[in-house]
> 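Would you mind keeping the following structure in view while I ask a few things?
For clarity, every value in this text was computed on a predicted model and none was experimentally measured. Chain A is the first sequence line, chain B the second, and so forth, proteins listed ahead of strands; every chain is numbered from 1.
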Number of protein chains: 2
Amino acid sequence: MSESQMAPRRPGGRGSDIGRPRDPDMDQAILRATIELLSEVGYVRVSVAEVARRAGVSKPAIYRRWSQKSQLVVEAMVTQMRPGNDNDSGSAADDLIALTDQLIDLLTLTPLGRVLPGLVAEMAADPVLAASYRNLIIKPNVRHWHAAIERGIASGELAGDTDVDFVINALVGPLYFNLLITGEPIAAGYARAAVHLVFARYKTASS
Amino acid sequence: MSESQMAPRRPGGRGSDIGRPRDPDMDQAILRATIELLSEVGYVRVSVAEVARRAGVSKPAIYRRWSQKSQLVVEAMVTQMRPGNDNDSGSAADDLIALTDQLIDLLTLTPLGRVLPGLVAEMAADPVLAASYRNLIIKPNVRHWHAAIERGIASGELAGDTDVDFVINALVGPLYFNLLITGEPIAAGYARAAVHLVFARYKTASS
DNA sequence: CTCTTACGTAATTATCAGTAACGTAACAGA
DNA sequence: TCTGTTACGTTACTGATAATTACGTAAGAG
């Protein structure tokens, strides 16, 4: 049986337990080359052949690890995510502003901003990829937002009937809208203004 | 000189003034076939060859009118836009709710929702296309939002320092975020809740 | 009529994702 | 040390599809 017929590709994980092991340096080299190319030319113009060339690796070596270009890109982006800090400053408003500013940095300073448009297109056509992206990139981030808002509710800064998901959407939605649709830069002071908007609606009388 | 060297393709417009005129029925047939395919399979899987087949037209006939698949798709989407009604109900809040609900319909009921992800990717790689999309689709719509908000400010429903663009982003951003990133359906009652959020921040004391 | 452009057919170029075949290299376990 | 299994590189290939070109014919304008 030829190697290319092994059913599960186990992206990012090891291959089989027996036989010659995969070279871990290769994984790193591929991911690094992917990030590099991604930030230079954006998703659409990244070709697997060019990634292979820059990583000093063969194309089959890449497809042995990731079944699709899009999966490779998602994993490469995961390596760019900083471990989100659950900074509890004691003020939910300040925490939300910090989280918003962090997201702005992520979308404008890391390659993610250049990657997202192409990835969005792939996600729409590939549910498996969409699930990967949401589980690996979105969910871990949203967790912190949830926590900050829940803390605000618990402390009385935010009303008990605060709609957590609605608030998160209200804060992050405009950022993606700017990045993906209008192409305009995010206004300075956005984080503060957006959080202010939310608190005008959901703050309690006491706070 | 061969026809394919004519520098400006004049998408959607007429060709030259002399010589055999273009068949206007063809324009319609092409656009109709494009919309049809678009709603069936989404942007990525639309091929120009298949559009040509369904329209009963040759491929060069399409490229004579539109220089790229993406331009064709944008023009096809334009034909789907209803002429925005500047319904002035007397209440800016009601007008904004109506506009938001209209946008939700546009994104979920027309093919635009299936087209947008692929288009976003093209826009990121093609500034000319991005400009087309923004001028033909986004701007005409935003005009109504602007007007509604300005009316609200003039009537005293909204504070004089209301940041118009910020408000528009706050209302529409989450819709695009859901459509393009999370893939989750838009919550029932979103329009009302979002407008409520804005008014909690920007309403005047008198209103 | 003549000029010019539109049109269809058919072939072509170019790019790129993803596979396949095959020989060689590396590790695990007997 | 031998054997089985998998990784790796090289090379070639398939398949899809955007975009172009050549050429002969059709249809208008003046």
> Return the value, rounded to whole Å, for the distance between atom CG of B/Asp17 and atom C1' of C/dC3.
15 Å
> Is it true that B/Asp27 and B/Arg22 have a side-chain N and a carboxylate O under 4.0 angstrom from each other?
no
> Can you tell me how far P of C/dA17 sits from CG of A/Leu37, to the nearest Å?
11 Å
> With the side chain of B/Pro60 defined as its heavy atoms from C-beta on, choose the nearest nucleotide among D/dG9, C/dT9, C/dT19.
C/dT9
> Which parts of residues 114-127 of chain B get close to DNA chain D, meaning a heavy atom less than 4.0 angstrom away?
none
> What integer distance in Å separates A/Asp23:CG from D/dT6:P?
18 Å
> For a quick test of reading the model: is some side-chain N or O of B/Arg65 closer than 4.0 Å to OP1 or OP2 of C/dC7?
yes
> Whether A/Arg54 and A/Glu40 form a salt bridge (side-chain N of Lys/Arg under 4.0 Å from carboxylate O of Asp/Glu) is what I want to check.
yes
> Specify the separation, in whole Å, of atom CD of B/Gln71 and atom C1' of D/dA18.
14 Å
> Whole angstroms only, please: what is the NZ-C1' distance between B/Lys69 and C/dT15?
14 Å
> Which listed nucleotide (D/dA18, D/dA7, D/dG9) is nearest to the side chain of A/Arg22?
D/dA7
> Could you check how far CD1 of B/Ile62 sits from C1' of D/dA18, rounded to whole Å?
12 Å
> Is it the case that A/Lys69 places NZ or CZ above or below the six-membered ring of A/Tyr43, under 6.0 angstrom from the centre and within 45 degrees of the axis?
yes
> Would you say B/Arg192 has more than 12 foreign heavy atoms packed within less than 6.0 Å of its CZ?
no
> Under 4.0 Å from OP1 or OP2 of D/dC8: is there any side-chain N or O of A/Arg64 that close?
yes
> Return the value, rounded to whole Å, for the distance between atom CD1 of B/Ile18 and atom P of D/dG28.
16 Å
> Enter the distance from B/Ser91:OG to B/Ile97:CD1 here, rounded to the nearest 0.5 Å.
7.0 Å
> For DNA chain D, which residues of residues 38-56 of chain B approach it to below 4.0 angstrom with any heavy atom?
B/Val46, B/Ser47, B/Val48
> Taking the side chain of A/Gln68 as heavy atoms from C-beta outward, which of C/dG8, C/dA6, C/dG18 is closest to it?
C/dG18
> In terms of ring plane angle, is the pair A/Tyr176 and B/Phe177 parallel, tilted or perpendicular, where the classes change at 30° and 60°?
tilted
> Return the nearest nucleotide to the side chain of A/Ser58; candidates are D/dT6, C/dG8, D/dT10.
D/dT10
> Would you call B/Glu36-B/Arg32 a salt bridge at under 4.0 Å N-O?
no
> Where do B/Trp145 and B/Asn141 come nearest, in terms of heavy atoms and distance?
CD1-O, 3.0 Å
> Is the backbone N or O of A/Thr182 less than 3.5 Å from a side-chain atom of B/Arg134, with the two atoms forming a donor-acceptor pair by type?
yes
> Look at the side chain of A/Arg65 and the backbone N and O of A/Ala61, then say whether any donor-acceptor pair between them is shorter than 3.5 Å.
yes
> Tell me the interatomic distance from A/Lys59, atom NZ, to C/dA17, atom P, rounded to whole angstroms.
8 Å
> Tell whether B/Arg20 reaches the base of D/dA27 with its side chain through a donor-acceptor pair below 3.5 angstrom.
no
